[in-house]
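Atoms within a ligand are numbered from 1 in the order they appear, just like the ligands themselves. Values in this document were obtained by computation on a predicted structure and should not be read as measured data.
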Amino acid sequence: MKIVTAGTGMAAAEFVEQLRLEGFDGEIVMIGDEDFPPYSPCVIPFYLAGESLDTVFWKGKDFYEKYRVTARLGEPVVQVDTERQVIHTADGKTEGYDRLFYATGSHSWYPRPDWLGTKGVFGFKTLGDMMAIDRYLKDQHVTEAVVFGGGFIGVDAALALKTRGVNVSLVHRNTRLLSQMTDEEGGQFATLKLAQKTGMDIRLRTIVEEIIHRNGQLTGVRLSDGREIATSLLILSIGVTPNSDSLQGDDKGICSNEQMLADSCIYTAGDVAITRHAVDGVPSIYANYPNAMRQARVAARHLLHGEGSYEGSLNTTVLRKHIDFPVISVGSFSGEAITWQQGDIWRRVYLVDGMINGYIIIGDTRLSGYLYQHYKDRTRVDGTIRKLISSHRHDGQYREMLGFAAA
Ligand SMILES: Cc1cc2nc3c(=O)[nH]c(=O)nc-3n(C[C@H](O)[C@H](O)[C@H](O)COP(=O)(O)OP(=O)(O)OC[C@H]3O[C@@H](n4cnc5c(N)ncnc54)[C@H](O)[C@@H]3O)c2cc1C
């Protein structure tokens with residue numbers, strides 16, 4: 001059997017590794033539009049912040065040799081002919097498959113793609129983006145930057161640049177940073193604390209309306225409130241769109257069943273895949289690394305053994321890079337809100353029918369593992385939760401209060 005992957009990212013690498021570790025001896029071809037061994041996008045901001053490039057290649061730089069893979073790199077897949085089971089790439093070549101693993105992830109969405117033609121304007125999504133920003137920072141001795149987009153990735157970008165000693169203005173359309181991973185009050189708290197702890201200039205309810213350049217070199221940005229910021233570096237991090245076009249002809253993402261099958265010969269996983277939520281069953285793209293890994297393993301197991309099914313995705317978001325001020329959120333922010341705050345710590349748990357429907361924890365996240373377990377297990381916590389979130393305790397006491405066995 002010949003197995004082909006579209007994409008060489010996190011899901012595809014996990015899938016291929018599982019196949020080989022479980023003894024699959026047949027032909028594997030990986031086709032990717034980038035020119036690198038598989039790398040972790042989660043780690044690339046650390047590289048930009050100054051860590052070694054080697055750390056991003058999470059399964060080793062020798063991945064293709066180690067797992068006996070024919071790698072076709074720098075070749076975007078442009079069309080999958082599902083009837084003939086043939087992949088077409090941008091340079092006019094083809095590759096047949098018996099089984100296809102379609103894991104092309106997502107790409108950045110740009111409000112004005114033409115801005116990227118100006119020197120000093122970058123996306124923040126791929127290793128190529130990080131290398132280009134890194135080179136530019138060194139060549140231009142950049143001291144001031146603007147990041148447009150204050151979601152999880154935009155904040156990641158801003159913090160990485162701060163770590164490199166660059167002053168950052170973070171421009172965000174919403175009323176608070178991290179607006180998708182927080183409710184209003186939690187987001188306001190996180191925004192305030194991030195501003196205090198980093199000294200970042202945060203502009204809310206604002207967008208970058210126009211860029212200012214001289215001879216193709218960025219010199220500043222004009223905001224929707226009419227103000228201008230002088231800068232030679234603009235990073236765009238507004239949102240992402242699934243790369244489903246080559247298989248489906250649109251960018252809505254690929255629906256999968258519980259075996260991660262999109263059709264009888266095509267598995268999918270990761271940021272391009274639509275799956276059901278493990279708790280509320282809502283189908284959507286749940287784009288994070290743990291989901292991508294679990295999906296890839298389910299697909300590999302099903303392909304090899306014809307068994308196993310996916311338990312569903314969780315929308316867990318963890319901001320913990322470059323700064324000792326973590327923010328974690330899980331689930332939905334509706335139901336009865338129970339909140340506790342002291343100093344730099346803010347915790348809120350949402351309960352529905354006595355069970356955790358979602359939670360946000362800011363500042364001290366030691367409690368998160370236990371809450372996560374109860375959220376997943378659907379246990380009632382209404383008797384203990386108030387006491388639990390309102391105290392500084394060590395892990396042993398948390399375990400005891402939540403009814404887990406002693407460590
Ligand atoms: C900056 C950044 C930080 C992140 N931090 C975290 C974090 O801290 N925690 C967390 O859980 N998640 C994080 N994520 C998300 C996480 O990286 C993704 O959920 C995960 O990488 C999904 O794996 P994937 O294989 O679906 O996509 P990817 O790893 O993005 O791989 C997709 C691959 O497909 C390739 N491709 C795309 N189109 C084509 C085509 N037409 N033909 C061929 N190849 C193609 C892409 O170039 C890429 O190599 C972060 C993402 C980014 C960008």
So which heavy atom in the protein is nearest atom 50 (C) of ligand 1, and how far is it from that ligand atom?
I153 CD1, 3.9 Å

Identify whether the distance between the nearest side-chain nitrogen and carboxylate oxygen of R112 and E210 falls below 4.0 Å.
yes

Side chains of E184 and T175, donor plus acceptor under 3.5 Å:
yes

Name the closest protein heavy atom to atom 31 (O) of ligand 1, giving the residue it belongs to and the distance to 0.1 Å.
G9 CA, 3.2 Å

Any chance the side chains of Q259 and Y310 put a donor and an acceptor closer than 3.5 Å?
no

Is D364 salt-bridged to R347, going by a charged N under 4.0 Å from an acidic O?
yes

Less than 4.0 Å between a side-chain N and a carboxylate O, is that true for K59 and E14?
yes

Does the N or O separation between V77 and ligand 1 drop below 3.5 Å for any pair?
yes

Residues D251 and H107: side-chain donor-acceptor under 3.5 angstrom
no

Which one of T126, N243, L247 has a non-hydrogen atom at the shortest distance from atom 38 (N) of ligand 1?
N243

In ligand 1, which numbered atoms sit nearer than 4.0 Å to a non-hydrogen atom of G32?
43 (C), 44 (N)

For atom 3 (C) of ligand 1, find the nearest protein heavy atom and state the residue, atom name and distance (0.1 Å precision).
P41 O, 3.3 Å

Does the N or O separation between E34 and ligand 1 drop below 3.5 Å for any pair?
yes

Contact with ligand 1 for I31, non-hydrogen, under 4.0 angstrom
yes

Which ligand 1 atoms are under 4.0 Å away from a heavy-atom of A103?
32 (C), 33 (C), 34 (O)

Output yes when the distance from some N or O of ligand 1 to some N or O of K321 is under 3.5 Å, and no in every other case.
yes

Atom 27 (O) of ligand 1: nearest protein contact (heavy atom, Å):
G105 CA, 3.7 Å

If I apply the N/O under 3.5 Å rule, does S246 come out as touching ligand 1?
no

N or O contact, D33 vs ligand 1, cut-off under 3.5 Å
yes

Measure the distance from atom 11 (O) of ligand 1 to every protein heavy atom, then report the residue, atom name and distance (to 0.1 Å) of the closest one.
Y289 N, 2.9 Å

Protein heavy-atom partner closest to atom 37 (C) of ligand 1 - residue, atom, separation in Å
T104 O, 2.9 Å

Nearest neighbour in protein (non-hydrogen) for atom 20 (C) of ligand 1:
M10 SD, 3.8 Å

Side-chain H-bond candidate by donor/acceptor type, R176 with T191, under 3.5 Å:
no

Atom indices of ligand 1, in the order listed, that fall short of 4.0 Å to a heavy atom of G270
26 (O)

Electrostatic pair K2:E95 at N-O distance under 4.0 angstrom
yes

Exercise: do T206 and S224 side chains pair donor with acceptor under 3.5 Å
no

Does the pair R222/E209 count as a salt bridge with the N-to-O cut at 4.0 Å?
no

May I ask you to list the atoms of ligand 1 that are less than 4.0 angstrom from any heavy atom of P290?
11 (O)

Polar-atom distance check: A11 versus ligand 1, any N or O pair below 3.5 Å?
yes

Counting both backbone and side chain atoms, is some N or O of D271 under 3.5 Å from an N or O of ligand 1?
yes

Could you check whether H88 and S246, counting side-chain N and O atoms only, form a donor-acceptor pair closer than 3.5 Å?
no

Mark the output for F152 as yes if a heavy-atom distance to ligand 1 is under 4.0 Å, and as no if none is.
yes

Among non-hydrogen protein atoms, atom 13 (C) of ligand 1 lies closest to C42 SG, 3.4 Å

For P76, take its heavy atoms, then give the atoms of ligand 1 lying under 4.0 Å from any of them.
42 (N)

Ring center gap for F101 and Y267 short of 6.0 angstrom
no

Compute whether any side-chain donor of one residue and acceptor of the other, for D91 and T89, lie under 3.5 angstrom apart.
yes

Less than 4.0 Å between a side-chain N and a carboxylate O, is that true for R380 and D353?
no

